[in-house]
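Residue numbering restarts at 1 for every chain, and letters A, B, ... go by the order of the sequence lines.
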Protein chains: 2
Amino acid sequence: MPRQRTLSPTVITAAALQVGDRDGPKAMSMRRIAAELGCDPMALYRHFGDREALLDAVADQALADVVEPDADAPWDVRLREVLDGIRAAALRHPGIAAHIASRPPLGANGQRLGAAVLTALADAGLPPADVVRASQALVAYLAAALAMAVRAGERDPRWHQAARAVDALDAAGVDLPVVGSADQFEYGLRLLLAGIKAEAATKSGGHSANGAGEPG
Amino acid sequence: MPRQRTLSPTVITAAALQVGDRDGPKAMSMRRIAAELGCDPMALYRHFGDREALLDAVADQALADVVEPDADAPWDVRLREVLDGIRAAALRHPGIAAHIASRPPLGANGQRLGAAVLTALADAGLPPADVVRASQALVAYLAAALAMAVRAGERDPRWHQAARAVDALDAAGVDLPVVGSADQFEYGLRLLLAGIKAEAATKSGGHSANGAGEPG
DNA sequence: ACCTGAACACCGTTCAAGT
DNA sequence: ACCTGAACACCGTTCAAGT
């Protein structure tokens, strides 16, 4: 559909998102996106340094409708809200989902949501250095979960086969959870939140409720 | 160096690993690997269905020298040993590191180490379904940590900039941890292990030491 | 000065032609 | 029957030629 006349970063990322949603991650090439816009591939380079920069912008665009959590909610509820929100937004855009948490949050939406994560962790009572460490652990987990959710959508019922290799589990005849499922995602998130709670307790003296941690 | 005469999966993966170690992940193309072996690119397809299958085999090969943990050690020590071991092996082979934990462990070494993870989690006292959930959470975290460690080696001092955007942290003037560092990796791992310990306590009655969990 | 598109240096994989 | 390499359908990006 060769139509668009005035090119802008927003117009380009919107087109890229559409291509990705329709035809998958590897369809998001400079050439395909340009074709979608009816322009020369080289025109895109006037707005983005290279393909990676364009994908970063698309990833940030995909997070536009994720709202920040209620500031009055407890820190762990806020963390769950923002991470679940990002996951939901990512799954609405499978073309870019795997890219979303795999790079530093440079865009406006990434910064906004990243700040929500950091402040929630600070409110949990973690010392500043641990706030950053914990946020990166959460983002790492999120990134991998999203990438796996996309891949699981494509193929791979083979995690099951891998798990059955262990006698103890095979004997128990477990009903195995789906790799990229919400259930699976929430479980890992619960582990991390429980870990953060335990960590905060040892560092700031035993209370892990909402509010500012005590100084010193 | 056109030399190799008899092609085999092992010879191919060894050559691929060498190319990746020397020239990075995106140098591991069918054509470059074939050139390394002095053979036609199509010859590789006689041993591997496609490039993905070849990379899976390379990833498994990279894990060959990771030893299983001492079966007598406590479950959390065993988990740390095997995950640290995989991380160390991955960083020795940066060309394939990002690929290592991002797919189900189908190869011999992946199965071997995956089984060690699963049995350790079973020994922690988790019910079978949660053993699988927890293992996938650990693998997801590991996969993202490895991918980020490779990328951090390439570029990206921009996580720091992203973190400084939060007033509380900026004011504190924190010395930020490096993204792919061992310190950062261990912190996230500690969170997950603490979470597993807490989870096991609620599910099986409060004890989380080494040994078989009670049935029923 | 700005923009365009031909061209470069690659890809993974198919498939027909050779042995 | 087996293997090879030319060819197909793509890439991201450079750069010289056009306006």
Query raised in the report: Just by distance, do the side chain of B/Tyr141 and the backbone of A/Gly188 share a donor-acceptor pair under 3.5 Å?
Result: no
Report summary line: The residue among A/His47, A/Gln61, A/Arg46 that forms side-chain contact (heavy atoms from CB on, under 4.5 Å) with A/Ile12 is A/His47
**Report entry** Residue that, paired with B/Ile86, satisfies side-chain contact (heavy atoms from CB on, under 4.5 Å) out of B/Val139, B/Leu113, B/Val117
**Finding:** B/Leu113
Query raised in the report: What does A/Arg51 touch in the nucleic acid at a heavy-atom separation under 4.0 angstrom: a base, only the sugar-phosphate, or nothing?
Result: sugar-phosphate
Query raised in the report: For B/Met42, which contact category applies under a 4.0 Å heavy-atom criterion: base, sugar-phosphate, or nothing?
Result: base
**Report entry** C/dT13 to D/dT13 separation - C1' atoms, rounded to the nearest Å
**Finding:** 23 Å
Query raised in the report: Which residue, A/Ser29 or B/Asp40, contacts DNA chain D at a nucleotide closer to its 5' end, judged by nearest heavy atom?
Result: B/Asp40
Check this for me, if you would: do [X] and [Y] make a salt bridge, where the nitrogen-to-carboxylate-oxygen distance has to be below 4.0 angstrom?
X        : Y        : value
A/Arg133 : A/Asp130 : yes
A/Lys197 : A/Asp76  : yes
B/Asp70  : B/Arg78  : no

Report summary line: Intra- and inter-strand pairing of DNA chain C, written as dot-bracket with Watson-Crick and G-U pairs under 3.5 Å and | for the latter, reads ||.|||||...|||||.||
**Report entry** Contact interval (first through last nucleotide) of DNA chain C with protein chain B, 4.0 Å heavy-atom
**Finding:** C/dC11 to C/dT14
Query raised in the report: Does the side chain of B/Glu186 come within less than 4.5 Å of B/Arg80's, by heavy atoms?
Result: yes
Please report, to 0.1 Å, the donor-acceptor pairs under 3.5 Å made by any side chain of residues 17-26 of chain A, with sequence neighbours excluded.
| from | atom 1 | to | atom 2 | distance (Å) |
| --- | --- | --- | --- | --- |
| A/Asp21 | OD1 | A/His93 | ND1 | 3.3 |
| A/Asp21 | OD2 | A/His93 | ND1 | 2.8 |
| A/Arg22 | NH2 | A/Glu36 | OE1 | 3.0 |
| A/Arg22 | NH2 | A/Glu36 | OE2 | 2.8 |
| A/Asp23 | OD2 | A/Arg32 | NH2 | 2.5 |

